[in-house]
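Hydrogens, waters and symmetry mates play no part in the numbers below; they use all other heavy atoms, side chains included. In what follows, every chain begins at residue 1, and chains take the letters A, B, ... in the order their sequences are listed.
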Number of protein chains: 2
Amino acid sequence: MKANLTGHDEPVLPADFRMTPQRTVVHEVVKASYDHPTATEVFMRAKEHVPAISLATVYNCLDTLVAHGLLKQVNLDRASSRFCANMNDHVHFHCDQCGAVADAHPISNMPISTLWKLPEGSRVTRLDIAIRGICPECVKKNATAKPQV
Amino acid sequence: MKANLTGHDEPVLPADFRMTPQRTVVHEVVKASYDHPTATEVFMRAKEHVPAISLATVYNCLDTLVAHGLLKQVNLDRASSRFCANMNDHVHFHCDQCGAVADAHPISNMPISTLWKLPEGSRVTRLDIAIRGICPECVKKNATAKPQV
DNA sequence: AATGAGATCAATAATCATTCTAAGAAAGCT
DNA sequence: AGCTTTCTTAGAATGATTATTGATCTCATT
């Protein structure tokens, strides 16, 4: 198995998937980023390695990598999509103040059906969970900057 | 208390909030809609009552109503935001096939912190949960249309 | 009733993320 | 090598939303 920064297993890829230089760079950029970069951020970082790469290619590569299970796409409200190379089961914590996105890992494995009453006869394929709040850094910043009025 | 279609309590509004005719229409349109309409859909429905209303005004009204807790905004991936007059605690079930959005109400009241390990010292303000899958209608449609290959 | 401050409205333009299009480049198959 | 398919690229296009700006409305005070 190929070594990688995150320590996750690489999924088995179908034969028709070509790991082109552009896709490799896009994948490596996201794997080396711990801040859930947007497509534009990935584009800027990828350019340092492949200056000729275009934003459209970055979008194409991200789509392909997500479709093949090498990356996760994170959508928060209507802001730009963000990308994440952590393929373990997790949700995202989003700071309303600084916009930072952090991973939050599950503690228990409660099935969805025990938490919410789903439409009778529906089939669940995916769960998108975003926890919004104030991150520890901003909580601290607020406490020192403007004490309770 | 004012009677309304959904049977929920109307929140107490701050003095600086003006319930203008446009805001009233936008609010009533969403309250009378059970399909989580988009801003454009609200615009089209509101036009039947106030033909002169503009899309920009609908956006402004929706923003204000959401900010004052009279409506909920539902964001699913990068599609248009949808709006919802059900102010009870609930999450959304989104059908990948027909795009329908249905409410799903909580069964248990597990605190978030028992389900996911949040960043130490963070403060949670909101939980955005979208359950994706196939709705009962589409499951049925698929079964009759194309039996297992 | 007139005034003035502040909020709201509507039309238009602008922005922003993303997708589409078309043409050339690269890779894989025969 | 020749053919086919897939990728990449630049630029145009799309679609949702936001910003701007001047007109209009509302309300508390004169």
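Residue pairs meeting the salt bridge (Lys or Arg N to Asp or Glu O under 4.0 Å) criterion with at least one member in residues 60-75 of chain B: none, sequence neighbours excluded. Identified under the side chain to side chain donor-acceptor pair (under 3.5 Å) test for residues 46-56 of chain B, with sequence neighbours left out: B:Ser54-B:Thr57. Applying the salt bridge (Lys or Arg N to Asp or Glu O under 4.0 Å) test to pairs two or more places apart or on separate chains, those with a residue in residues 73-89 of chain A are A:Asp77-A:Arg132, A:Asp77-B:Arg126. Listed by first then second residue, pairs satisfying ring-ring contact (aromatic ring centres under 6.0 Å, His included) with a partner in residues 102-126 of chain A read A:His90-A:His105, not counting sequence neighbours.
Atom CG of A:Asp63 and atom P of C:dA17 are 16 Å apart (whole Å). As a whole-Å value, the separation of B:Asp77 CG from C:dA17 P is 17 Å. For A:Phe43 and C:dC16, the CZ to P distance is 16 Å, given to the nearest whole Å. Between the CG atom of A:Leu65 and the C1' atom of D:dT6 there is a distance of 15 Å, rounded to whole Å. Distance CZ (A:Arg23) to P (C:dA27): 12 Å, rounded to an integer number of Å.
When the side-chain nitrogen and oxygen atoms of A:Gln22 are compared with OP1 and OP2 of C:dA26, none of them lie within a distance under 4.0 Å.
Using a 4.0 Å heavy-atom criterion, one finds that A:Thr20 contacts the sugar-phosphate atoms exclusively.
The ring pair (Phe, Tyr, Trp, His ring centres under 6.0 Å) test applied to B:His94 returns no partner, not counting sequence neighbours.
Taking Ile, Leu, Val, Met, Phe, Trp and Tyr as members and joining any whose side-chain heavy atoms lie under 4.5 Å apart, directly or through other members, the hydrophobic cluster of B:Leu76 also contains B:Val74, B:Val101. Connectivity analysis of hydrophobic side chains (ILVMFWY, heavy atoms under 4.5 Å, direct or indirect) links A:Val139 to A:Ile134.
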Pick out the pairs of N or O atoms, protein on one side and nucleotides 14-17 of chain D on the other, that lie under 3.5 Å.
residue : atom : partner : partner atom : Å
D:dT17  : OP1  : A:Arg78 : NE           : 3.2
D:dT17  : OP1  : B:Ser81 : N            : 2.9
D:dT17  : OP1  : B:Ser81 : OG           : 3.2
D:dT17  : OP2  : B:Tyr59 : OH           : 2.4
D:dT17  : O5'  : B:Tyr59 : OH           : 3.3

Report all interatomic pairs (protein N or O, nucleotide N or O of nucleotides 19-29 of chain D) with separations under 3.5 Å.
residue : atom : partner : partner atom : Å
D:dT26  : O4'  : B:Arg18 : NH1          : 3.4

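No more than 12 heavy atoms of other residues, nucleotides or ligands lie within 6.0 Å of CZ in B:Arg123, so this atom counts as exposed by the packing criterion.
Under the 3.5 Å distance criterion, the side-chain polar atoms of A:His27 are left unmatched by any main-chain donor or acceptor of A:Arg23.
Checking D:dT8, C:dA10, C:dT8 against every side-chain atom of B:Ile53, the shortest atom distance belongs to C:dA10.
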